[in-house]
Amino acid sequence: MKSLARSMFASRSLRTQLILYIMVISLAVLAGASYFIFSYMQRMVKDQNERLLYQQFQQLDHNITGLVSEVDRLSLLFLRDDNIQRFLYKISEKTEIEFLESKNDVQRLIADFIDNYSYIDSVYITADNLGVVGGSATRTLVYSKEEWQQSFFSSEPFRRTLEMYPKLIIEAGIQKSFYNPYLTGPDDGHLISLMRGTRAIYDPTTSATLIFNIDERYLVSIYATALNKAEGDMYIVNGSGRIVSSSVPERIGTKSSFVPGEEEGVQYGSFDGHSAGRSVQVVYYKLTNGGWYLLKEIPLSQYSEQIYGVQRMLVIVFILSVLVIFIVSYFWLRRIIKPLHLLSLKMKDMSRGELGVTLDHIPNNELGTVIRRFNEMSLSMVELVDKNNEIQEKKRELEIEALQYQINPHFLYNTLNMIRWMAVIVKADNIVQTIVALGNILRPVFSSKDSMCTLRDELSYLDNYMKIINMRFNNSIAFEVEVDEALMDCLVPRFILQPLVENSIASGRQNEEFAIRIGIGAELAGETLQLIVTDSGTGLDVEKVRELNGKLAGGESPKPGGGGSGIGLNNVNKRIHLYYGPDYGVRFVPREHGAEVRVSLPVRGSQGD
């Protein structure tokens, strides 16, 4: 099976691969969606049932609380009776004869209470030194004083009545035979006992215990009367998790799967568990009285039955969706892939050397765009081949022409040297000096490809340049260099000062009545080398300096005045930015007389890193 699936996915047919991928993705999505919908609906049904149960539990809690409150009220009413007060007054000091004399009056009052209030099963009043008075509607107490002292007076409920006086305590799980040994077999059953320590109004000590018993079946009738067995069981557990009341009598006294101590502080909740060999949802609710919890076990199969119809519908929709997806995908992909298949055939023809092939049918989608670009590429390849042949032919012609006009630098040096010796022969010293200066300028241009040089070499180049310029302007330009010897080995971009000096000459010649004085200086400012070019021209005002610096910062060519175009300044500024970044460059500095330009560079060479 795995090899079949692998071979199908390894198919070279794009249509087959796409159909398989779409089917697999569709199956995964539909399966996930179906599972999600099923789980969601099951959870939704459970949540809805929990909400309804919560409302039901609140009503049941209200009813049980009302029952407890009613018994509490009746017990207080019972104690206010004159016969009961006479019975309780100094009961610890009464003799057995006095106790028996008032016992009949108390017994009659108990019988009246049970007749008037059917939910009261029995009433007992205990006196630890004399025994017990009381009974049910049909039977009076037959336990002796000694038997009660061994059973009830040594029990935990009796101790709690003394500790909690005068509050009412609730004790469950007590059988009728605990109070009357003759109530056995069918007559026996479980009771809910509501007890309180009591005494006469004018008696200073608690001398008796009043017990009102409610048949556990009456309590069951409050919360389980309308309960359907198919809907699960309901029961009440005490603080230790033991069942004290249940819709299934056989479960009373057994241990519940819910332990209140494990859910301390939680009033309402639920969990999934197992009971009687079936999976159930246990929903619990903390009652107001007695520290008890009301629980209901709901078979999970009940939820499943509610959504089986939806599950069957989901299966049918799932199968139909798969069939529809397969059929639609097959024909739709067949139509979509057809232009792509034709395109692949044309590309195979092109790979065999058939240039200029095109497709006629162009769909109106992304594949159409691809096919149009293929047609354009196929036709362009023919044009490119022809153009490339033409370019190669012209390239050969240009190479021949370039070889014909190529000048050997050594030939140029030899020619300048020959002219210099000819000038020496005729004793034309000015021509000799000019030729020598020109040779010194051209030598670094042809002999070195390095873009950097020392400041010493840059000043030497500038000195030769000034010699030629002074030949031109009849030595009217005074050139002064004041640079510390320690800065001479700093590296600077080659030919960086000549455009600045040329700009100073153009600016200084505006006033031809005076000689031009140009100064070159250098200084250190931290890790920055400042090259300073000054001239004795007409100078620049503050606004003009601000304008020139703004143009340099914006990459424009400034025109400081005179005959200069400012292109050289802008080129120098751009070169510095390319080498070192925008933190360095060229800027004008205002001064009273003449102009001043500063070039900031990082220190390199012997003075830097």
Side-chain angles (χ1 to χ4, degrees), residues 409 437-438 440-466 468-469 479 481 483-484 487-508 518-535 537 540 544-590 595-609:
L438 180 59
N440 292 334
I441 289 176
L442 294 177
R443 183 175 291 109
V445 174
F446 291 104
S447 63
S448 177
K449 296 182 180 179
D450 192 358
S451 61
M452 306 296 290
C453 67
T454 63
L455 182 57
R456 188 189 312 278
D457 292 339
E458 180 70 8
L459 293 175
S460 176
Y461 168 82
L462 194 61
D463 182 64
N464 289 305
Y465 171 76
M466 291 304 303
I468 296 176
I469 290 297
F479 184 66
V481 178
V483 177
D484 191 348
L487 301 178
M488 284 296 189
D489 292 328
C490 292
L491 293 178
V492 299
R494 192 182 293 276
F495 311 132
I496 197 173
L497 292 177
Q498 183 269 334
L500 306 182
V501 172
E502 183 179 1
N503 180 74
S504 296
I505 295 172
S507 178
I518 297 176
I520 305 294
E523 61 183 34
L524 284 177
E527 294 296 322
T528 302
L529 175 64
Q530 298 275 354
L531 301 181
I532 306 166
V533 179
T534 60
D535 62 58
L540 302 170
K544 186 64 176 178
V545 168
R546 186 180 296 110
E547 177 188 350
L548 295 175
N549 288 332
K551 289 186 176 181
L552 286 172
E556 302 179 30
S557 298
K559 295 183 179 180
S565 63
I567 297 176
L569 290 173
N570 192 32
N571 288 341
V572 170
N573 194 48
K574 287 183 178 180
R575 284 177 61 197
I576 295 174
H577 285 177
L578 290 175
Y579 286 138
Y580 307 115
D583 294 336
Y584 303 94
V586 179
R587 67 182 182 88
F588 286 86
V589 178
E596 178 178 336
V597 181
R598 287 179 175 258
V599 180
S600 59
L601 306 169
V603 178
R604 296 288 188 270
S606 61
Q607 298 294 327
D609 52 10

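As the structure is a prediction and not an experimental result, all values here were calculated from the model. Side chains included, hydrogens not; waters and symmetry mates left out as well; all remaining heavy atoms used. Numbers for residues simply follow the sequence, beginning at 1.
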Trainee: At what distance, to the nearest 0.5 angstrom, does CE of Met452 lie from OH of Tyr579?
Mentor: 7.0 Å
Trainee: Report yes if the side chains of Ser460 and Tyr465 come closer than 4.5 Å at any heavy-atom pair, otherwise no.
Mentor: no
Trainee: How close do Leu529 and Ala522 get, heavy atom to heavy atom, and via which atoms?
Mentor: CD1-CB, 4.5 Å
Trainee: To check you understand the geometry: which heavy-atom pair defines the closest contact between Val586 and Asn573, and what is its length?
Mentor: N-OD1, 2.9 Å
Trainee: Looking at every non-hydrogen atom in both residues, tell me the closest pair between Tyr584 and His577 and how far apart they are.
Mentor: O-CD2, 2.9 Å
Trainee: CD of Glu547 to CG of Asn549: how many Å apart, nearest 0.5 Å?
Mentor: 10.5 Å
Trainee: Working to the nearest 0.5 Å, report the span between CG of Leu524 and SG of Cys490.
Mentor: 6.5 Å
Trainee: So, do Val597 and Asp535 sit near enough that their side-chain heavy atoms are less than 4.5 Å apart?
Mentor: no
Trainee: Quickly, which of Asn571, Val572, Asn570 forms a side chain to side chain contact (heavy atoms under 4.5 Å, CB included) with Pro499? Name it, please.
Mentor: Val572
Trainee: Under a plain distance cut-off of 3.5 Å, with no hydrogens placed, do Thr454 and Asp457 share a side-chain donor-acceptor pair?
Mentor: yes
Trainee: Closest heavy-atom contact between Ser600 and Ile576?
Mentor: O-CG2, 4.0 Å
Trainee: Identify the heavy atoms of Pro493 and Leu601 that sit nearest to each other, and give their distance.
Mentor: CD-CD1, 4.0 Å
Trainee: Say you draw a straight line from CD1 of Ile518 to CG of Asn503; how long is it, rounded to the nearest 0.5 Å?
Mentor: 9.5 Å
Trainee: With rounding to the nearest 0.5 Å, note down the distance linking CE in Met466 to OH in Tyr461.
Mentor: 12.0 Å
Trainee: Is there a side-chain contact between Ile496 and Arg494, using heavy atoms and a 4.5 Å cut-off?
Mentor: no
Trainee: Between Ile505, Leu462, Leu569, Ile520, which is the residue that forms a side chain to side chain contact (heavy atoms under 4.5 Å, CB included) with Leu500?
Mentor: Leu569
Trainee: Rounded to the nearest 0.5 Å, what's the gap from CG on Asp463 to CD on Glu458? Could you check?
Mentor: 12.0 Å
Trainee: Any idea which heavy atoms bring Gln530 and Arg598 closest together, and the distance?
Mentor: OE1-CB, 3.8 Å
